[in-house]
A.B. asks: 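There's a structure below that I have some questions on.
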Number of protein chains: 2
Amino acid sequence: MRLFAQRGYAAVSMRLIASEVGVQAGALYNYTPDKQGLLFSLMQSHMEDLLSARAARVTPDSPLAQLEDFTRFHIAFHLQRPDAVFVSYMELRSLDAQNFAAIETLRRRYEDELEQILQRGVQAGLFTVPDTKIATMAVIAMLTGVNTWYRTDGRLSAAEVGTIYWNMVRKAVAA
Amino acid sequence: MRLFAQRGYAAVSMRLIASEVGVQAGALYNYTPDKQGLLFSLMQSHMEDLLSARAARVTPDSPLAQLEDFTRFHIAFHLQRPDAVFVSYMELRSLDAQNFAAIETLRRRYEDELEQILQRGVQAGLFTVPDTKIATMAVIAMLTGVNTWYRTDGRLSAAEVGTIYWNMVRKAVAA
DNA sequence: GTCTATAGGACGATAGAC
DNA sequence: GTCTATCGTCCTATAGAC
């Protein structure tokens, strides 16, 4: 995942992967049918980790508290896996059609969780958004964007960033 | 730019580029010193187009109107060049150190324009943001995210999307 | 489950004719 | 400024020994 993130799928050879894990290239084929299968396996595991970590959280009562929980969860989870996040977005184009469809299904499932929170908040009169689908994409893009600038050795902890972004998200969707 | 966006820099061969423009591979070297130079030239032109298009706009008086103008400009400009936007973000890692630094300088210059708007708005008491640098990154990530879902043949025009996002940005930074 | 060796082909870049 | 031809290198994937 680290090599794919740093260099891109096409620029990483099986020889380089093998060298990083301390075997010869041929030995990798005992673990993956081919390079494409390896990329898919990494991306699928990442998406499944995301969905199960999300499912493991206790759902708060109100849509407002649910949105705060989603915001803090999303930032904390993604800041811990910058390589996986980068690869899972950038290398969608490197997947063959069937693998692409499988990853997109998982991604859609995650986005739906946020959209349902927004829909319930709108119905309860707590939120005002132009369109729940667009607001979903806007919030996720804003939150995932943390990965482009956050540095572990910077002045802010992941939890502090969560609070900062929660204030912006809260206001952006406020009634 | 289209080929790099669809397949990634490393996955595009000089032979493929040549075939798309109707020449043999060797002929390309009359136009670029090498493949790396071609990537850099494309990305540099994109960033310079962005900065000069931005500079060409008449600056409104108030920070609020400036922020609205920036929001609408950013969305309109980026929706017209999805391939260039994708490549300029994704292929930063494919640039050598010197070219990377040059592109980063141009990118920083663009981000600074938004940050200065936010700073003036905060000083005027119009905006309340946790940190102008973080708010800058959050707004740009949200706006650029439009490119991941917008379809030209969809129900919304680029201008309508601009209005939708302006409402979210306005609320997110509101005092 | 690892190794060495290699098949078979694509790669970036250049040389030299025209 | 384009072509053909090619250099030297690297690629994925497989075969077969151990």
Side-chain angles (χ1 to χ4, degrees), chain A residues 1-49 83-84 86-104, chain B residues 1-48 83-104:
Chain A
M1 195 71 101
R2 177 171 53 78
L3 292 173
F4 286 156
Q6 286 172 349
R7 303 172 184 235
Y9 173 74
V12 175
S13 68
M14 294 299 273
R15 282 174 178 79
L16 179 59
I17 297 170
S19 141
E20 289 279 312
V21 298
V23 296
Q24 293 299 314
L28 295 179
Y29 291 87
N30 288 310
Y31 300 91
T32 181
D34 51 27
K35 191 182 168 189
Q36 167 75 203
L38 175 59
L39 175 63
F40 176 68
S41 162
L42 289 171
M43 291 175 67
Q44 186 182 44
S45 295
H46 171 66
M47 292 308 298
E48 286 175 349
D49 285 352
D83 289 340
F86 194 73
V87 169
S88 294
Y89 173 50
M90 299 297 207
E91 299 298 354
L92 285 170
R93 65 185 171 191
S94 301
L95 293 173
D96 63 33
Q98 180 176 318
N99 288 340
F100 176 80
I103 297 298
E104 278 301 286
Chain B
M1 195 71 103
R2 178 172 52 78
L3 291 173
F4 286 156
Q6 287 172 350
R7 302 171 184 235
Y9 173 73
V12 175
S13 68
M14 295 298 273
R15 283 170 178 81
L16 178 60
I17 298 170
S19 142
E20 289 279 312
V21 297
V23 297
Q24 293 298 317
L28 295 179
Y29 291 87
N30 288 309
Y31 301 91
T32 181
D34 51 25
K35 191 182 169 188
Q36 167 75 205
L38 175 59
L39 175 63
F40 175 67
S41 162
L42 289 171
M43 291 175 66
Q44 186 182 43
S45 296
H46 171 66
M47 292 309 297
E48 286 174 348
D83 288 340
V85 172
F86 195 71
V87 169
S88 294
Y89 173 49
M90 174 103 68
E91 299 297 355
L92 285 171
R93 65 185 171 193
S94 300
L95 294 173
D96 63 34
Q98 181 175 319
N99 288 340
F100 176 81
I103 298 297
E104 278 301 285

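Computed from heavy atoms alone, side chains included, the values below leave out hydrogens, waters and symmetry copies. Just so it is clear: chains get the letters A, B, ... in the order the sequence lines come, proteins before strands, and each one is counted from 1.
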A.B. asks: Can you name the closest pair of heavy atoms from Tyr29(B) and Met14(B) and give their distance?
C.D. replies: OH-CG, 3.6 Å

A.B. asks: Which pair of heavy atoms, one from Met47(B) and one from Ile103(B), lies closest together, and at what distance?
C.D. replies: CG-CG2, 4.3 Å

A.B. asks: Output the rounded distance in Å from CG (Asn30(B)) to P (dG1(D)).
C.D. replies: 7 Å

A.B. asks: Could you tell me the separation between the CZ atom of Arg7(A) and the C1' atom of dC11(D), rounded to a whole number of Å?
C.D. replies: 15 Å

A.B. asks: What string of B, S and - do you get for nucleotides 12-18 of chain C, 5' to 3', if B is base contact, S is sugar-phosphate-only contact and - is no contact with any protein heavy atom under 4.0 Å?
C.D. replies: BBB----

A.B. asks: Return the nearest nucleotide to the side chain of Gln24(A); candidates are dT4(C), dG1(C), dC3(D).
C.D. replies: dT4(C)

A.B. asks: Classify the ring geometry between Tyr89(B) and Tyr89(A) as parallel (under 30°), tilted (30 to 60°) or perpendicular (over 60°).
C.D. replies: tilted

A.B. asks: Can you tell which of Leu38(B), Asp83(B), Val85(B) makes a side-chain contact (heavy atoms from CB on, under 4.5 Å) with Met1(B)?
C.D. replies: Asp83(B)

A.B. asks: Could you state the CG-C1' distance from Leu38(A) to dA13(D), rounded to the nearest angstrom?
C.D. replies: 14 Å

A.B. asks: To the nearest 10°, let me know how far the axis at one end of the helix from dG1(C)-dC18(D) to dC18(C)-dG1(D) is tilted from the axis at the other, five pairs an end.
C.D. replies: 0°

A.B. asks: How many whole angstroms separate atom CG of Leu28(B) from atom P of dC11(C)?
C.D. replies: 13 Å

A.B. asks: Is there side-chain contact between Val87(B) and Leu42(B), with heavy atoms separated by less than 4.5 Å?
C.D. replies: no

A.B. asks: Are Arg93(B) and Glu91(A) close enough for a salt bridge, meaning some N to O gap below 4.0 Å?
C.D. replies: yes

A.B. asks: For Arg2(B), enumerate each residue passing the salt bridge (Lys or Arg N to Asp or Glu O under 4.0 Å) test, keeping only those at least two apart in sequence or located in another chain.
C.D. replies: Glu20(B)

A.B. asks: Does any non-hydrogen side-chain atom of Asp34(B) lie less than 4.5 Å from one of Phe40(B)?
C.D. replies: no

A.B. asks: To the side chain of Tyr31(B), which of dT2(D), dT4(C), dT2(C) is closest?
C.D. replies: dT2(D)

